[in-house]
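Keep in mind that this is a model prediction, so the values were computed, not measured. Side chains included, hydrogens not; waters and symmetry mates left out as well; all remaining heavy atoms used.
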Amino acid sequence: MSCTWGVPLFRNDPLLATLDLLRPRLPRLLLAVALGVVSLGSALALTAVSAWLITRAWQMPPVLHLTVAAVTVRALAISRGVFGYCERLASHDTALRAAGNARVGLYRRLADAPTDVALRQHSGELVARVGAAVDDLSNVVVRAVLPIAVAAVLGVAAVVTVGVISPTAAAVLAAGLIVAGVIAPWLAARAVTATEAVAVQYHSGRDVAAMLALEHAPELRVSGRLPDVITESERQHRDWGRASDRAAAPAALAAAAPSAAMGASVLGAVIAGISLASGISLVSPMTLAILMLLPLSAFEATTALPGAAVQLTRSRIAARRLLDLTLPQDVRPRPTVTPVDVSPGDRLAIVGPSGSGKTTLLMEMAAKYAQTPGEAAFFAEDAHLFATTVRDNLLVARGDATDDEMRAALRRVGLGPWLDALPDEMSTLLVGGAAAVSAGQRRRLLLARALISRFPVVLLDEPTEHLDAADARQLLSELLTPDGLFPAERTVVVATHHLPDQLPCPTLNLAASR
């Protein structure tokens, strides 16, 4: 029988808010902590016994007096590796099970959620959340919780042990452990947070400039703007590098602080040992050796804490990214949309900037028509292109379409020259799916799918994105004109950022209605 952590009471921290998604096994985690404590505790005990053995051997006692200590040194050296290996098994088992629980939970949430919850997210964003974000979240168990728990237990044990010999040395050791185990990790986490903030600030601008140069290089070269776009991308990258260096400055201090704290603790132990040796009370050489060498081993547990703080920060960022998919549906803010009714043969343009609710409105319309099978089809802006032939990529819209119908559809959307240039025409394999075509060609292929389909109502999301202005105006005019691209009896609803001037069709401007 195993117990799991349930829904936490405090939701302010995103990590706490996602514990019910990870559902780590508490007994297995406690076992990993215990094994980690025993493993590093063996190193701590090994230092103490070795110090006793060295100083006792210096007194040249009978060999039998050293036998137990010698055997203990060997046993502790072996046990450290054995228990460390067992701790790795237990902790990684806990982390992997937690990651599996998180992915299963995400899939269930997506399956039970309204359709727009998943479709409003870009496919790459969904993959990132279910993949890298879950990995970063589950790593908090192995790389943060476990090192922090082990360091806390061993730090207290080391301070208590040294305190038995010298309270002054114990106080110095405690101060050093606080510096190495609290202040240095805090500085490291602060540096990571600042770096992430800088990345958010500069990453988008750099990528926009780079993708603009990559996707529209021919047009930019003809207009003479390509060198300026490339220069802007390089400038954004340099600015990002300089800002990242400034944001990472606390990390250098965090790296130096543990070494300084260790040196101060050892120096304090030496001073305390000298004062004990010169005092009235007699202290054995073995005790003094343990007092001076034990701080060196006590700091071993704190070496992983800066990395643990960094992992906590990264896991918290990942948790924030997952919260949109893990929050209960009844508390998730739902976008408000204006109800729209269309009649057979209508043409409607939905205009508005990104984030104004165009896609949501199309989703609501698709859900309404879904009550009647075969009535409407929604064609998303990032619909998938399969790594198969051009023919198969079009047949997904209508399985009984002929090659002549598909060729005609491709030519009507402006892909005639592209089709003629293909080595095997309709049988040409699109290697990598969307990677085999440009962004504009992908939009036209998706539009050709819509032409081939026979749904009475066609809902198109940004069908002319990534096309040049002239082609976009022409296609939108044909889409929204009866008997243009679509027969007059079919209903066509198009969501777009801009419309051609003097277009004779009803328009719903979401930006103006909000």
Side-chain angles (χ1 to χ4, degrees), residues 215-219 222 345-349 374 376-500 503-505:
E215 293 181 354
H216 302 285
E219 299 94 324
V222 170
D346 281 353
R347 297 294 191 272
L348 176 64
F378 171 71
F379 294 89
E381 61 174 325
D382 60 345
H384 191 68
L385 284 185
F386 299 92
T388 181
T389 63
V390 176
R391 178 185 295 106
D392 291 339
N393 268 287
L394 296 177
L395 287 176
V396 298
R398 180 162 64 88
D400 61 350
T402 65
D403 279 4
D404 289 340
E405 290 176 315
M406 289 185 281
R407 291 190 189 96
L410 290 173
R411 296 187 188 283
R412 292 178 68 188
V413 299
L415 286 178
W418 173 78
L419 179 65
D420 295 336
L422 294 178
D424 298 317
E425 203 197 27
M426 299 293 295
S427 300
T428 300
L429 185 66
L430 299 182
V431 180
V437 295
S438 68
Q441 290 168 344
R442 178 185 180 184
R443 280 291 196 274
R444 294 178 188 270
L445 273 171
L446 297 178
L447 184 55
R449 280 183 184 173
L451 290 180
I452 292 170
S453 71
R454 289 178 176 170
F455 293 96
V457 180
V458 178
L459 309 173
L460 302 172
D461 191 11
E462 301 289 356
T464 59
E465 191 73 8
H466 299 298
L467 300 182
D468 61 68
D471 287 348
R473 283 194 299 269
Q474 179 182 353
L475 273 179
L476 279 174
S477 298
E478 293 179 358
L479 283 171
L480 296 172
T481 301
D483 282 328
L485 283 178
F486 289 92
E489 66 272 11
R490 296 180 70 179
T491 302
V492 179
V493 181
V494 176
T496 183
H497 286 94
H498 306 285
L499 276 181
L503 188 68
C505 83

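- S453 places a side-chain N or O within donor-acceptor distance of the main-chain N or O of A450, the cut-off being under 3.5 Å.
- Counting heavy atoms from C-beta outward, D471 and R444 have side chains that approach closer than 4.5 Å.
- Scanning all heavy atoms of the two residues, the minimum distance from E462 to T496 falls at OE1-CA, 3.5 Å.
- Between P482 and R347, the closest side-chain pair of non-hydrogen atoms falls below 4.5 Å.
- Of the possible donor and acceptor atoms, one in the side chain of T389 sits under 3.5 Å from a partner among the backbone N and O of D392.
- Annotation for L395 and A401: closest pair CD2-O, 3.6 Å, computed over non-hydrogen atoms.
- Rounding to the nearest 0.5 Å gives a distance of 12.5 Å between CG of L446 and CD of E465.
- Remark: side-chain polar atoms of D483 are paired, donor with acceptor, to backbone N or O of A488 under 3.5 angstrom.
- The closest side-chain heavy-atom distance from L460 to V493 is not below 4.5 Å.
- Using a distance-only test at 3.5 Å, with no hydrogens or angles considered, a donor-acceptor pair links the side chain of S438 to the main chain of Q441.
- Residues V494 and V492 meet the side-chain proximity criterion, which asks for heavy atoms closer than 4.5 Å.
- Judged by distance alone, the side chain of E405 and the main-chain N or O of T402 form a donor-acceptor pair under 3.5 Å.
- For the pair A409 and L451, the tightest heavy-atom approach, listed with the atom from each and the gap, is O-CD1, 3.9 Å.
- Among residue pairs with one or both ends in residues 408-432, those qualifying as salt bridge (charged side-chain N to carboxylate O under 4.0 Å, His left out) are R407-E425, R411-D420; sequence neighbours excluded.
- Once rounded to the nearest 0.5 Å, the distance linking CE of M406 with CG of N393 reads 10.5 Å.
- Here the shortest heavy-atom pairing between R398 and I452 reads NE-O, 2.9 Å.
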| task | Step by step, work out the side chain to side chain donor-acceptor pair (under 3.5 Å) result for R391 and S427. | result | CA-CA 6 Å; R391 178 185 295 106; S427 300; 3.1 Å; yes
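- The closest side-chain heavy-atom distance from T491 to V458 is not below 4.5 Å.
- Between P463 and L479, the shortest heavy-atom contact is CG-CD1, 3.8 Å.
- Between atom CG of residue L445 and atom CG of residue L430 there is a gap of 7.0 Å, rounded to the nearest 0.5 Å.
- Between the D461 side chain and the F379 main chain, no donor and acceptor come within less than 3.5 Å of each other.
- Closest approach of L348 to L480, counting heavy atoms only: O-CD2, 3.8 Å.
- Side chains of V457 and F378 form no contact here, defined as non-hydrogen atoms less than 4.5 Å apart.
- L410 contributes atom CG, which lies 5.5 Å from atom CG of L415 (distance to the nearest 0.5 angstrom).
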| field | Evaluation steps, side-chain contact (heavy atoms from CB on, under 4.5 Å), between D400 and R454 | value | CA-CA 11 Å; D400 61 350; R454 289 178 176 170; 4.0 Å; yes
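- Using a distance-only test at 3.5 Å, with no hydrogens or angles considered, no donor-acceptor pair links the side chain of R490 to the main chain of G345.
- Atoms OG1 and CD, on T464 and Q474 in that order, are 11.5 Å from each other to the nearest 0.5 Å.
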